[in-house]
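Right, one structure below, let's go through it.
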Amino acid sequence: MSVVITVAPTGPIATKRDNPALPTTPEEIAEAVADAYAAGAAVAHIHLRDELERPTADLRIARQVVDLIRDRCPILIQLSTGVGLTVPFEDRERLIELRPAMATLNPCSMSFAGGEFRNPPADVRRLAARMRELGIKPELEIYDTGHLDECLRLRDEGLLEGDLQFSVVMGVRGGMAATPENLMTIIPRLPEGAIWQIIAIGKNNLQLTSIALALGGNARAGMEDTLYLRRGELATSNTQLVARAAALAAGLDLSIADVSAARRQLGLVG
Ligand code: KMH
Ligand code: ZN
C-alpha cells in the first residue's frame, strides 16, 4: 500500500485577502492542481468559486474547471458536494451529474465556523443513492464521532458499497477539535477495510497529518485546510503544502501512490 495524497487547493471560505496565493479562478485552480499532481498528488478535491470569489455549484464553472484540469493532467477528480455554507443542497448535489471519479458526502448537519452546514437526512440519502447509481465513490466527511455512526447507518441501509472511504475532519468550529486524542477515538472504530485520511484544519494541520501517516492513513494537503506553511508564514502555493506531505511520507519510508495505484487502492470503478 502506498500513500494517496489529495490536494485541496481552495475551500469554501478563505479568499485572496487571507492569502493572495489562493487559487480561485478556473485557470488558477487548474494550474494549482496540475502543479500539485507533479509534486505527488493523485486526487484533487475541488471547490468552485464565482467571479466574486464566492463558493458556487454553477455547473458551467464546474465543467470549465474539470475540463481545464483534464487538459493538464490525469489526476483523479473529487468534486466537493459540500460546496459552501450559502449554497442550497439541491444545487450542491447536481454537481455529481458531471460524473467525477469521486465526490464528498457530508452525512450530518452541523454548526460550521460562524454558519450552518445543512445536510438533512433525506437529502443525504438521495445524494448517496444517486452516487451509488452513477458509480461515484463517496468520500465520507466526518466531523464528529456521531457522523461515523450515521455513515455506518447509510451502509446498513445499502446506500454505501465497497470499502468505505473517510475523511476525518478536525478543527472546524462546530466539529471535533484537532487533537490526537480525538483522532484515537475515531480510528479504532472505522469499519474493516476503511480507507481514511485526516483533514486537519488550521494550526495543527502538520502534526495531525504526520500522525495519520504514521498510523496508516492517507494524506490531504492544500490551502482549503491551511493557509500557512508554518506559524506566521503564509504558504506561497498549494504545491509547497503537497511537497511537504510527500516529504513527510518519504521520511516515514512510505511510497506515494500514482493515479493508477490510487484508483486501485480507493476501489474506483472505470
Ligand atoms: N472544508 C471542509 C472542512 C466538502 O468539501 O464536502 C468542509 C467541506 C466539505 O468543504
Ligand atoms: Zn472541501
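Both ligands and their constituent atoms are indexed starting at 1 by order of listing. Quantities reported herein were computed from a predicted structural model and do not represent experimental measurements.
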| request: Would you mind naming the N, O or S atom of H45 nearest to the Zn ion (ligand 2)? | output: NE2

| query | Do you know which N/O/S atom name in E224 is closest to the Zn ion (ligand 2)? | reply |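 Sorting the N, O and S atoms of E224 by distance to the Zn ion (ligand 2) puts OE2 first.
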
Would a distance-only check, ignoring hydrogens and angles, find a side-chain to backbone donor-acceptor pair under 3.5 Å from [X] to [Y]?
X    : Y    : value
N182 : A177 : yes
R118 : V87  : no
E28  : T24  : yes

| ligand 1 versus N106: contacting region, heavy-atom distance under 4.0 Å |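 It is the side chain that gets close, since no backbone atom is under 4.0 Å.
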
For [atom], what is the nearest protein heavy atom, given as residue, atom name and distance?
atom                   : result
atom 1 (N) of ligand 1 : E224 OE2, 2.7 Å
atom 9 (C) of ligand 1 : Y143 OH, 3.2 Å
atom 5 (O) of ligand 1 : S80 OG, 2.7 Å

| field | Under 3.5 Å: N/O of G82 near N/O of ligand 1 | value | yes

For [X] and [Y], work out which heavy atoms get closest and say how close.
X    : Y    : result
P100 : L95  : CD-O, 4.2 Å
Y228 : L241 : O-CD2, 3.8 Å
C151 : L140 : SG-CB, 3.9 Å

Check each atom of ligand 1 against the heavy atoms of [X] and keep those under 4.0 Å away; list them by number with element.
X    : value
H47  : 5 (O), 10 (O)
V169 : 3 (C)
F112 : 3 (C), 7 (C)

| Member of T6, D225, T209, N205 meeting the side chain to side chain donor-acceptor pair (under 3.5 Å) criterion with R220 | D225

